[in-house]
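Quick caveat, the model's predicted, so the values are computed rather than measured.
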Amino acid sequence: MSEMNLENVKAQMRKGVLEFCILSILSRGDAYASDIIKRLKESKLIVVEGTLYPLLSRQKNAGLLSYRWEESTQGPPRKYYALTDKGNEFLKELNSSWSELVEAVKSIYNK
Amino acid sequence: MKKTLTINVAGSVFNIDEDAYYRLKEYLEKIKVHFSGEKEIDDIMTDIESRIAELLREKINSGKQVIILQDIEEIIKIMGEPHDFGDFDKEEKKKTYYHSASRHIYRDPDNRILGGVCGGLGAYMGIDPIIPRIIFIVAFFGFGFGLLIYLILWIIIPEAKTTAQKIEMRGDPVNVSNIGSFVKEEFENIKDNIKGKKKT
């Protein structure tokens, strides 16, 4: 049971951070799903790729992201995701609350 | 020698071995069940299929033109099984959703002599279809209206076409694990049929 809770807490933590990171990645420029995946995998934030797609769709539906189809030299058109104005505002909020969180955790952890 | 199928994944055409095809199909059905009830299911499926198409393209080169089972297993490992997706909003909702699936009456296309009415009735009532068959035959010869009732039932009862409908016909709740085992079962049947045909 305690193991279950640990997994639960870990996953909850990762999920919030993951949404934050998707927005951060997109704030540096539009990207298509595979680009985002590559970045998240490099930083070991996701283990399986399936995790990303429901998050992208929900963020899109919440108006944080938009997408467009773009022709690709390799294969069919790709779906490029971009941050909306609302997404930008959202990310700013998250940025400041992230720094607050890090400071808070640090101050408790180091005592 | 193996039989291959041609499939269209997110607008790209692939030649794929039959066993690999069923594995991929089972996997996609599992994902669909996992996200059923979500507003964004179509978007999610489009994104996942596009990504799978991309991964499939990487498996193809001039020396290797066909997707094999091993390729699909590798792709599934990259994409992950639905229970590893780790979306928490769904956890609670999912359970209630699956168990609300109830038993429906369908005609059974896999267990039929004429229209599958008796096969479906048998599955619905959890009895051997031979029992309704005998009743219909007796009603036909004894009273003369058996055929009419049969024809009416044939018209009004829909045929179980999808895997989910076949599971509902048996009265099992539709969920990720039994849709997986059901597709596998169907695939085994097809395999047996093919083997049987080869022998004769």
Side-chain angles (χ1 to χ4, degrees), chain A residues 4-19 21-22 26 31-42 44-82, chain B residues 7-14 24 26-61 67 72-94 176:
Chain A
M4 280 291 290
N5 282 338
L6 176 64
E7 283 310 307
N8 208 328
V9 171
K10 269 159 76 177
Q12 294 275 23
M13 271 177 151
R14 205 179 294 133
K15 191 184 166 235
V17 173
L18 204 54
E19 299 207 17
C21 287
I22 294 171
L26 288 173
Y32 85 114
S34 304
D35 289 336
I36 305 173
I37 280 169
K38 225 169 108 193
R39 302 280 283 284
L40 293 174
K41 274 192 157 171
E42 277 165 7
K44 299 210 168 75
L45 254 174
I46 57 169
V47 186
V48 295
E49 295 192 1
T51 312
L52 180 71
Y53 302 101
L55 291 177
L56 282 177
S57 298
R58 276 177 215 148
Q59 289 187 332
K60 191 208 83 194
N61 270 32
L64 305 179
L65 307 181
S66 63
Y67 69 78
R68 63 173 191 279
W69 291 96
E70 223 167 75
E71 294 298 326
S72 153
T73 47
Q74 312 146 296
R78 289 171 169 177
K79 200 174 179 181
Y80 272 79
Y81 284 93
Chain B
I7 55 168
N8 169 355
V9 184
S12 293
V13 175
F14 298 98
L24 180 62
E26 176 202 342
Y27 177 67
L28 287 173
E29 290 225 15
K30 265 205 255 181
I31 295 181
K32 230 182 235 168
V33 171
H34 179 79
F35 290 119
S36 57
E38 295 251 340
K39 281 202 304 281
E40 306 95 347
I41 179 164
D42 289 339
D43 277 332
I44 298 174
M45 291 311 293
T46 313
D47 281 5
I48 288 179
E49 285 192 17
S50 311
R51 178 61 180 155
I52 288 177
E54 203 173 64
L55 292 169
L56 286 171
R57 270 195 296 278
E58 289 171 13
K59 301 283 182 196
I60 297 290
N61 54 52
I67 300 291
I72 299 296
E73 296 294 352
E74 280 169 25
I75 288 172
I76 291 175
K77 218 172 188 179
I78 294 171
M79 300 299 289
E81 293 286 348
H83 57 82
D84 295 323
F85 289 0
D87 38 354
F88 274 85
D89 309 345
K90 279 206 74 211
E91 233 41 66
E92 289 309 306
K93 212 168 64 190
K94 197 167 62 189
V176 171

**Study point:** Other residues, nucleotides, ligands: >12 heavy atoms within 6.0 Å of B/K59 NZ
**Key:** yes
Check your understanding: Distance from B/E40 atom CD to A/L55 atom CG, nearest 0.5 Å?
Key -> 10.5 Å
Exercise for review: Quick one: pull up CG in A/L56 and CD1 in B/I44 and give me the separation to the nearest 0.5 Å.
Suggested key: 9.5 Å
Practice item. Could you tell me which portion of A/R78 (side chain, backbone, both or neither) has an atom closer than 4.5 angstrom to a non-hydrogen atom of chain B? Key: side chain
Heavy-atom check, side chain of [X] versus side chain of [Y], under 4.5 Å:
X: A/S34; Y: B/E54; answer: yes
X: A/L52; Y: B/R51; answer: no
X: A/Y53; Y: B/I31; answer: no
X: A/Y81; Y: B/D47; answer: yes

Review point. Testing B/T46, B/D42, B/I41, B/D43 for side-chain contact (heavy atoms from CB on, under 4.5 Å) with A/S57, which one passes?
Key: B/D43
Exercise for review: Specify the closest pair of heavy atoms between A/P76 and B/A10, including all atoms of both residues, with the distance to one decimal.
Suggested key: CG-O, 4.0 Å
Practice item. Please report the closest heavy-atom contact between A/V48 and B/K77, naming both atoms and the distance. Key: CG1-O, 4.1 Å
**Study point:** chain A contact via B/A53 - side chain, backbone, both or neither, heavy atoms under 4.5 Å
**Key:** neither
Review point. Is chain A contacted by the side chain of B/K39, its backbone, both, or neither, given a heavy-atom distance below 4.5 Å?
Key: side chain
